[in-house]
Amino acid sequence: MLTMVVILFGACLAAMPRAALAQAAPAAAPSSSGSSDSRHGIGLGFGQVFLMGDLSTKFQNNIGINLNYSYESGPKYGLLVNIHYNNHSNLSSPTDSLGIKGLVPSLKVNLLSSGTLTLAGLIGLGAFSVSETLGTQTASVLLFGVQLGATVNVEVGQHFRFGPSLSYIKLSSGTDTSNTA
């Protein structure tokens, strides 16, 4: 089984202008203060991916990138969808590589909010395409995995957030779906 720990630093366009959203979707019901609590956002992240288990002895840890979409229906809960990619090499055999692409929708729960700082927990279930090249042979497999994580966001402005996240991802075991020589 493949296990990895991902530490990402990212920025998020946290609340798109309401006029742009009004054309794409119906407006959310206003809160008692008269403003809508729902927010959409897109973000970009990058950071260190630490492999664990058997593959950590064959491949190096490396930098991964992440694109995410977030929707917050209110001050407590939200949806965070991550698309991430990371590639790992082997110093002892330069032709060996490991590539991981993932799509993970997660439930985001804001645990603590103080002014512009928010601490949130994440839990998600996603699909991962894992491909491994050993010499001249390439194999790939589609796996499912569970992601547990936490994030700290600082609102830098009305439409912008920045902060680190830490995720633990455990993938199921699988069998190669393709093997080419």
Side-chain angles (χ1 to χ4, degrees), residues 2-52 60-89 98-129 145-171:
L2 176 63
T3 305
M4 53 188 169
V5 173
V6 181
I7 300 174
L8 293 171
F9 293 93
C12 180
L13 181 61
M16 295 178 198
R18 302 258 186 248
L21 291 177
Q23 296 173 2
S31 66
S32 60
S33 65
S35 67
S36 174
D37 288 338
S38 67
R39 297 185 341 165
H40 296 266
I42 55 173
L44 181 63
F46 67 94
Q48 189 67 37
V49 177
F50 298 97
L51 296 174
M52 302 170 81
Q60 293 182 313
N61 298 325
N62 204 356
I63 301 293
I65 59 172
N66 177 327
L67 178 66
N68 65 52
Y69 165 76
S70 66
Y71 172 73
E72 295 178 2
S73 58
K76 190 73 172 164
Y77 298 102
L79 169 71
L80 183 65
V81 179
N82 289 309
I83 299 171
H84 52 90
Y85 172 77
N86 47 296
N87 195 17
H88 304 271
S89 61
L98 174 71
I100 303 169
K101 299 173 195 163
L103 173 66
V104 185
S106 298
L107 172 66
K108 178 181 171 191
V109 179
N110 293 335
L111 303 171
L112 176 67
S113 188
S114 172
T116 60
L117 183 71
T118 304
L119 171 65
L122 305 169
I123 184 167
L125 178 64
F128 297 83
S129 173
V146 175
Q147 175 181 4
L148 300 172
T151 183
V152 176
N153 287 309
V154 176
E155 284 204 33
V156 179
Q158 183 180 3
H159 301 292
F160 189 73
R161 279 190 235 176
F162 177 79
S165 67
L166 174 67
S167 294
Y168 172 81
I169 300 171
K170 180 77 169 181
L171 300 182

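Every value quoted in this text rests on a predicted model; they were computed, and no experiment measured them.
Minimum heavy-atom separation, P105 to G126: CD-CA, 4.3 Å. In this structure, Y71 and S38 approach most closely via the heavy-atom pair OH-CB, 3.7 Å. Scanning all heavy atoms of the two residues, the minimum distance from T118 to S113 falls at OG1-OG, 3.7 Å. Annotation for N61 and Q48: closest pair CB-NE2, 3.3 Å, computed over non-hydrogen atoms. In plain terms, the two heavy atoms of S106 and G124 that are nearest each other are OG-CA, 3.5 Å. Across every non-hydrogen atom of P164 and T151, the tightest pair is O-OG1, 3.1 Å.
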Identify each donor-acceptor pair in which a side-chain atom of residues 75-83 lies under 3.5 Å from a protein atom, sequence neighbours left out, and give them as a table.
| unit_1 | atom_1 | unit_2 | atom_2 | d |
| --- | --- | --- | --- | --- |
| K76 | NZ | N110 | O | 3.1 |
| N82 | OD1 | N66 | ND2 | 3.4 |

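For the atom pair H88 NE2 and I63 CD1, the distance stands at 10.0 Å (nearest 0.5 Å). Separation of atoms CG (L166) and CZ (F50) is listed at 9.5 Å; rounding is to 0.5 Å. Note that the CG atom of N87 and the CG atom of L98 stand 7.5 Å from one another [nearest 0.5 Å]. Between the CG atom of N62 and the CD1 atom of I100 there is a distance of 10.5 Å, given to the nearest 0.5 Å.
Here I123 pairs with L107, L148 under the side-chain contact (heavy atoms from CB on, under 4.5 Å) rule; sequence neighbours left out. With sequence neighbours excluded, the residues forming a side-chain hydrogen bond (donor to acceptor under 3.5 Å, both in side chains) with S167 are Q147, listed by chain and number. With sequence neighbours left out, the side-chain contact (heavy atoms from CB on, under 4.5 Å) criterion links A127 to L142, F144. Partners of L125 according to the side-chain contact (heavy atoms from CB on, under 4.5 Å) rule, which considers only residues two or more places apart in sequence or in another chain, are V146. Applying the side-chain contact (heavy atoms from CB on, under 4.5 Å) criterion to K101, with sequence neighbours excluded, gives Y85, S129.
Within the structure, the salt bridge (Lys or Arg N to Asp or Glu O under 4.0 Å) test picks out the following pairs touching residues 102-114 (sequence neighbours left out): E72-K108. Pairs engaging residues 109-125 under the salt bridge (Lys or Arg N to Asp or Glu O under 4.0 Å) rule: none recorded [sequence neighbours left out]. The list of salt bridge (Lys or Arg N to Asp or Glu O under 4.0 Å) pairs with a residue in residues 40-49, not counting sequence neighbours, is empty.
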- prompt: Can you check side chain to side chain contact (heavy atoms under 4.5 Å, CB included) on I169 and H84, steps first, answer last?
  reply: CA-CA 12 Å; I169 300 171; H84 52 90; 4.1 Å; yes
